[in-house]
Amino acid sequence: MRPSIPKGTRDFGPEEVLKRNFIFDRIREVFVRYGYQPIETPAMEDLKTLTGKYGEEGDQLLFKVLNNGDFLSKADEDALKNRDSSALVPSISKRGLRYDLTVPFARFVVMHQNDIPFPFKRYQIQPVWRADRPQKGRYQEFYQCDVDAVGSDSLALEAELAQIYDEVFTKLGLKVVVKINNRKVLAGMAEAAGIPEHFLSMTMAIDKLDKIGMDGVKKELAGRGLTEEAIEKVEQMLGIQDLSGLKGVLVDSDIGKQGVEELEQVFDYLSLGDTHNDIRFDITLARGLNYYTGCIFEVAVDTTVEGQEKVKMGSIGGGGRYADLTEVFGMKQNGSGVGISFGAERIYDVMEELKLFPEDKANTLQLLFIAFDDKSHRYAFKALQQVRAAGINAELYPDPKKRLNKQMKYADNRGVPYVVLVGDREMESGELGLKNMATGQQESLRLEQIIEQLK
RNA sequence: GUGAUUGUAGCUCAGCUGGUUAGAGCGCUGGAUUGUGAUUCCAGAGGUCGCCGGUUCGACCCCGGUCAGUCACCCCA
């Protein structure tokens with residue numbers, strides 16, 4: 001048979017894994033520096049944990065795992081007869097692959113609420129799965145890197161998360177825009193426009209502003225049944241760039257005012273420290289996941305920065321506050337959480353495009369021993385151990401009977417910077433041939449000298 | 001879930017309106033060179049033309065379906 005892998009999934013070769021780890025390591029460093037602790041949760045969750053948390057669209061994108069054994073014997077007869085897939089699912093599948101890390105985390109917090117300190121600050125770097133149609137920057141299996149804090153309403157946490165975005169992307173050498181908004185502001189806008197019942201449609205339309213433009217948004221709002229008057233009000237509010245202006249418009253909406261005040265506080269905290277990226281209020285930021293209740297975040301590549309103009313990539317991170325998510329799992333108090341996520345795959349793609357990955361020599365082979373016969377192979381095997389003990393990444397070509405040019409070719413393919421050649425002459429003199437693969441130069445040195453040079 | 005587009009050697013691709021034996025570059029194997037890779041020269045291996053079906057005397061080429069990649073939409077990281 002022909003080998004293949006499921007669509008939307010990928011293999012990663014050594015070079016890619018090293019680069020991916022570079023991203024994960026930078027992210028993890030910052031998470032740890034801010035006091036967050038690691039957890040891991042299973043790839044599979046009970047389906048009931050996942051369904052209903054991501055909206056209707058999200059439910060359709062969940063991977064369901066077929067029950068073990070004779071699952072059809074317990075299948076819903078009617079659903080089966082009517083070919084009604086969505087009605088059939090509960091009777092043949094009780095588990096699904098996680099769709100994100102936030103919902104499993106909320107489940108984790110509630111299950112372990114008596115064992116963990118609050119506020120609980122955790123980070124989690126694991127793959128998630130979505131049954132989406134793959135395209136540019138979108139896969140069915142991809143990694144998310146989440147930081148969340150549960151058990152505190154403090155807006156210092158929102159500010160801290162924005163700082164984390166700032167710091168991670170600075171370490172990665174990527175200039176970004178961190179957009180911040182608040183669901184309460186959006187709710188206030190709906191109130192001010194007299195359309196609180198259209199809150200969700202309004203946010204979804206607004207979310208598309210940078211893609212379809214103001215005219216597109218207006219068309220979409222009209223299509224969703226808003227009056228011309230309401231649409232005009234929404235358009236006016238979308239033109240507001242600063243928080244103080246917004247406060248005046250939302251004066252009659254308590255929730256709207258609250259949202260503005262929260263944002264003011266977040267930016268006040270941020271003003272106490274230095275940041276390196278454009279962190280700004282953006283009234284057009286909406287975000288689709290419907291469990292968000294307060295501040296929301298989204299990160300995009302800053303295309304106004306020199307060298308990054310041509311990057312076309314959607315959001316490379318997002319998050320927000322979810323006050324009620326743990327309540328769904330039965331937690332009565334202390335349950336407000338806030339968190340952000342890094343889209344590692346998209347960050348990878350952007351960094352690849354901009355050539356931001358450094359040569360990471362620490363993780364690759366530094367020295368290769370090549371022996372000409374069994375006797376020198378034994379000699380090299382012994383020398384190898386000393387080299388490794390000195391902290392140099394080294395290996396010995398395992399088969400000395402292979403022709404020398406084969407072995408040299410292997411060295412070339414591995415991209416190893418230095419080769420040590422060992423044969424009769426070298427064993428006799430105790431001076432080994434150290435060859436620099438880049439220049440082709442070769443010199444005779446004692447093993448200790450070689451170690452000294454490569455250290 | 002909707003639409004567009006592509007699928008030929010390990011990789012990147014060429015292949016005329018449908019006509020015998022499907023090609024190139026790179027890579028791979030062997031040799032020139034049994035103590036030297038990357039450069040040079042010589043030779044060689046490697047193909048169910050994504051898969052299934054149809055049209056035709058004849059299909060890599062045309063038609064239908066299907067699978068996969070890519071891109072856009074919906075949504076999203």
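Chain letters run A, B, ... following the sequence lines, proteins first, then strands; residues in each count from 1.
Helical stems in RNA chain B, defined as runs of 3 or more consecutive Watson-Crick or G-U wobble pairs with both donor-acceptor distances under 3.5 Å, are listed by first residue as B:1-7 with B:67-73, B:10-13 with B:23-26, B:28-32 with B:40-44, B:50-54 with B:62-66.
Judged as a salt bridge (Lys or Arg N to Asp or Glu O under 4.0 Å), and not counting sequence neighbours, A:K64 has no contacts. When the ring-ring contact (aromatic ring centres under 6.0 Å, His included) test is applied to A:Y123, the partners found at least two apart in sequence or on another chain are A:F31. Qualifying salt bridge (Lys or Arg N to Asp or Glu O under 4.0 Å) partners for A:D373, counting only residues two or more places apart in sequence or in other chains: none. Here A:E262 pairs with A:K184 under the salt bridge (Lys or Arg N to Asp or Glu O under 4.0 Å) rule; sequence neighbours left out. For A:D399, the side-chain hydrogen bond (donor to acceptor under 3.5 Å, both in side chains) criterion is met by no residue, not counting sequence neighbours.
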Just the atom pairs and distances: protein N or O near nucleotides 66-70 of chain B's N or O, under 3.5 Å.
from: B:G69; atom 1: OP1; to: A:G8; atom 2: N; distance (Å): 3.2

Protein N or O to nucleotides 26-30 of chain B N or O, pairs below 3.5 Å:
from: B:G30; atom 1: OP2; to: A:K406; atom 2: NZ; distance (Å): 2.4

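Residue pairs that meet the side-chain hydrogen bond (donor to acceptor under 3.5 Å, both in side chains) test with at least one member in residues 430-440 of chain A, sequence neighbours left out, do not exist here. Sorted by first and then second residue, the side-chain hydrogen bond (donor to acceptor under 3.5 Å, both in side chains) pairs with a member in residues 440-453 of chain A form an empty list; sequence neighbours excluded. Applying the side-chain hydrogen bond (donor to acceptor under 3.5 Å, both in side chains) rule to pairs touching residues 336-357 of chain A yields A:R10-A:E345, A:K19-A:E352, A:R20-A:E345, A:Y139-A:D349, A:D146-A:S341, A:D153-A:S336, A:R321-A:S336, A:Y348-A:E352, sequence neighbours excluded.
If you check distances only, the side chain of A:Q442 does reach the base of B:U36 with a donor-acceptor pair under 3.5 Å.
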Could you give the side-chain donor-acceptor pairs of residues 42-49 of chain A under 3.5 Å, partners two or more places apart or in another chain?
from: A:E45; atom 1: OE1; to: A:R107; atom 2: NE; distance (Å): 3.0
from: A:E45; atom 1: OE2; to: A:R107; atom 2: NH2; distance (Å): 2.8
from: A:D46; atom 1: OD2; to: A:K48; atom 2: NZ; distance (Å): 3.4
from: A:T49; atom 1: OG1; to: A:D46; atom 2: O; distance (Å): 3.4

